[in-house]
Amino acid sequence: MITATVDVTEELAAFLRTRRERLDPRDFGLPARRQARRTPGLRREEVAELAGISTDYVVRLEQARGLRPSADVVEALAGALRLTPDERAYLFGLTRQRPRHDGKLATTVAPSLSRLVADLSPLPAMVMNHRYDILAWNREMAKLLLDFGTLPPAQRNAMWLCLIHPETREYYVDRERVVREGIAHLRAAWAAHPQDQALTDLITECLARDERFARGWAEQDVEVNGRGQKVIRHPDVGELAVRFETLVPLQDPDQLLVIHRAADEESQSALDELCAR
């Protein structure tokens, strides 16, 4: 029965029961029991054993007795019940806990997403991950900023290019704002991915090599800016303004699809000239 609002305690109880009952004990290598199973799936005590928690705790959860399990317990239950990534996220949402990152950080893009980036031509487009590593791009994006394929993979990072790369660090007319917004994004990503050593190394390098970054980092600003406008000082066509929009693929939420378009007619002419070269 659907009501106007969701009773998360009841929903959590029902969800745990249905996930438990759909499991086949034979898939877990559980020892045979003399007593016949009266209901399908695993017993509560078997889930408790797999999760490393007490049977009484599982019982109280399934009886909707107002418990709020910790993130560790939620993670253990997700593993014991063999939840899919979507089910795991749903369980964390019901318990009002923050899911831990699974440690599988995006370093490549799915072929379908890579094809989409190419199909977005003539709009400059690229895919980045949470730490601004540039994973895929089309021809127009390479014309607008830089042919990322000529760089070592470690240097294909939008923040690194803006701060340190000798050719691109002066590309942005309002570089101070671009850097400030990038820092605010990286701080949010850093909190969400505390085990990402590559992100920590990037921040450490930027702190050591760029005074503006160090000042901005110390301000503790946090912001994820998914759309806006940047004015680029391009060495071949002069200044042009581009608007950008950032989309997140449902199947790859750690990746960011960034699409650019000219902000005005003059910039469109400059972009057309640039891409025709």
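We use all heavy atoms of the structure for the numbers below, so side chains are in, but hydrogens, waters and symmetry mates are not.
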| request: Under the side-chain contact (heavy atoms from CB on, under 4.5 Å) rule, collect the residues that match up with Asp210, sequence neighbours excluded. | output: Leu163, Arg169, Arg175, Arg212, Phe213
| field | Rounded distance [0.5 Å steps], CD in Glu49 versus CG in Leu42 | value | 10.5 Å
| task | Return yes if some donor-acceptor pair links the side-chain N/O of Ser267 with the main-chain N/O of Leu240 below 3.5 Å, else return no. | result | no
| Leu94, Leu77: one ILVMFWY side-chain cluster at the under-4.5 Å cut-off? | yes
| message | Give me the atom names and distance for the closest heavy-atom approach of Gln97 to Pro69. | response | NE2-O, 3.0 Å
| request: Just do the side chain to side chain contact (heavy atoms under 4.5 Å, CB included) check on Arg19 and Leu23 with the steps written out, would you? | output: CA-CA 7 Å; Arg19 298 308 91 178; Leu23 297 174; over 6 Å; no
| request: Search all heavy atoms of Leu145 against all heavy atoms of Ile232 and return the closest pair with its distance. | output: CD2-CD1, 4.1 Å
| request: Taking all heavy atoms of Val58 and all of Ala48, pick out the closest pair and write down the distance. | output: CG2-CB, 3.8 Å
| field | Common cluster, Met141/Leu120, ILVMFWY with side-chain heavy-atom separation under 4.5 Å | value | no
| said: Closer than 3.5 angstrom, by distance alone: can the side chain of Asn138 be matched with the main-chain N or O of Ala125 as a donor-acceptor pair? | reply: yes
| said: Any non-hydrogen side-chain atom of Arg261 less than 4.5 Å from a side-chain atom of Leu271? | reply: no
| CG of Leu50 to CD of Glu45: how many Å apart, nearest 0.5 Å? | 11.0 Å
| task | Show your working on side chain to side chain contact (heavy atoms under 4.5 Å, CB included) between Val47 and Thr55 and close with a plain yes or no. | result | CA-CA 8 Å; Val47 171; Thr55 302; over 6 Å; no
| message | Could you tell me if the side chain of Phe28 sits less than 4.5 Å from the side chain of Pro25, heavy atoms only? | response | no
| said: Quick test of your reading of the model: are Arg215 and Glu211 salt-bridged, counting only N-O distances below 4.0 Å? | reply: yes
| Atom pair CG (Leu81) and CD (Glu21), whose distance is rounded to the nearest 0.5 Å | 11.0 Å
| Arg131 side chain to Asn157 backbone, donor-acceptor under 3.5 Å | no
| task | Please determine if Glu10 and Arg17 form a salt bridge, counting it only when a charged side-chain N lies under 4.0 Å from a carboxylate O. | result | no
| note | Rounded to the nearest 0.5 Å, the CE atom of Met126 sits from the CD1 atom of Ile259 at a distance of 11.0 Å
| query | What's the verdict on side chain to side chain donor-acceptor pair (under 3.5 Å) for Gln255 and Asn129, showing C-alpha distance, side-chain angles and the deciding distance? | reply | CA-CA 4 Å; Gln255 299 185 2; Asn129 60 16; over 6 Å; no
| query | Shared ILVMFWY cluster between Met128 and Leu247, side chains joined below 4.5 angstrom? | reply | no
| field | Residue pairs fulfilling salt bridge (Lys or Arg N to Asp or Glu O under 4.0 Å) with at least one residue in residues 263-276, sequence neighbours excluded | value | Glu273-Arg277
| Under 3.5 Å: donor-acceptor pair, side chain of Glu46, backbone of Arg43 | yes
| request: Step through the shown structure and confirm whether more than 12 heavy atoms of other residues, nucleotides or ligands are within 6.0 Å of CZ on Arg177. | output: yes
| said: Any heavy-atom pair between the side chains of Pro124 and Lys143 that's under 4.5 Å? | reply: no
| query | Is it true that atom CH2 of Trp217 has more than 12 heavy atoms of other residues, nucleotides or ligands lying nearer than 6.0 Å? | reply | yes
| Sidechain-backbone polar pair: Thr95 side chain, Leu91 backbone, donor-acceptor under 3.5 Å | yes
| request: Could you list the residues that satisfy side-chain contact (heavy atoms from CB on, under 4.5 Å) with Ala76, not counting sequence neighbours? | output: Ala51
| With clusters built from Ile, Leu, Val, Met, Phe, Trp and Tyr whose side-chain heavy atoms come within less than 4.5 Å, directly or transitively, what are the remaining members of the cluster of Val173, listed by chain and number? | Val231
| Can you name the side chain to side chain donor-acceptor pair (under 3.5 Å) partners of Ser121, sequence neighbours left out? | Glu140
| For the residue pair Ala188 and Val224, what are the closest heavy atoms and their distance? | CB-CG2, 4.0 Å
| message | Would you call the rings of His260 and Phe244 parallel, tilted or perpendicular, taking 30° and 60° as the class edges? | response | tilted
| request: Go through the structure and list residues passing side chain to side chain donor-acceptor pair (under 3.5 Å) with Arg209, not counting sequence neighbours. | output: Glu205
| request: Examine distances only and state if a side-chain atom of Arg96 and a backbone atom of Gly93 form a donor-acceptor pair shorter than 3.5 Å. | output: yes
| field | Pair listing, salt bridge (Lys or Arg N to Asp or Glu O under 4.0 Å) test, anchored in residues 51-68, at least two apart | value | Arg20-Glu62, Arg44-Glu62, Asp56-Arg60
| said: Within the 4.5 Å heavy-atom criterion, are Val248 and Leu256 side-chain neighbours or not? | reply: yes
| Nearest heavy-atom pair of Val178 and Cys162: which atoms, and what distance? | CG1-SG, 4.1 Å
| message | If hydrophobic clusters are built from ILVMFWY residues whose side chains come within less than 4.5 Å, do Leu146 and Val237 share one? | response | yes
| message | So, using side chain to side chain donor-acceptor pair (under 3.5 Å) as the criterion, who are the partners of Gln229 when residues are at least two apart? | response | Arg243
| message | Using salt bridge (Lys or Arg N to Asp or Glu O under 4.0 Å), reason through Arg180 and Glu219 one step at a time and then give a plain yes or no. | response | CA-CA 10 Å; Arg180 186 171 62 250; Glu219 293 175 359; over 6 Å; no
| request: Could you tell me the separation between the CZ atom of Phe92 and the CG atom of Leu83, rounded to the nearest 0.5 Å? | output: 9.5 Å
| field | Heavy-atom side-chain proximity of Leu274 to Asp236 below 4.5 angstrom | value | yes
| Roughly how far apart are Glu181 CD and Glu176 CD, rounded to 0.5 Å? | 11.5 Å
| remark: For residues 147-182, the ring pair (Phe, Tyr, Trp, His ring centres under 6.0 Å) pairs (sequence neighbours left out) are Trp137-Phe148, Tyr171-His234
| query | Minimum heavy-atom separation for Arg227 to Glu245, with atom names? | reply | NH2-OE2, 2.6 Å
| Taking side chain as C-beta onward, heavy atoms only, is Leu135 less than 4.5 Å from Thr108? | no
| Listed partners of Gln220 passing side chain to side chain donor-acceptor pair (under 3.5 Å), at least two apart | Arg187
| Can you check whether Trp190's main-chain N or O pairs, donor with acceptor, with His130's side chain at less than 3.5 Å? | no
| Is there a chain of hydrophobic side chains (I, L, V, M, F, W, Y, each step under 4.5 Å between heavy atoms) that links Leu144 to Leu151? | yes
| field | Check against side chain to side chain contact (heavy atoms under 4.5 Å, CB included), Gln251 and Leu113 | value | CA-CA 10 Å; Gln251 294 301 111; Leu113 186 55; over 6 Å; no
| Counting only N and O atoms by type, is there a donor-acceptor contact under 3.5 Å from the side chain of Asp252 to the main-chain atoms of Ala110? | no
| remark: The side-chain contact (heavy atoms from CB on, under 4.5 Å) partners of Thr204 (sequence neighbours excluded) come to Thr200
| task | Applying salt bridge (Lys or Arg N to Asp or Glu O under 4.0 Å), name anything that partners Glu167, two or more places apart in sequence or on another chain. | result | none
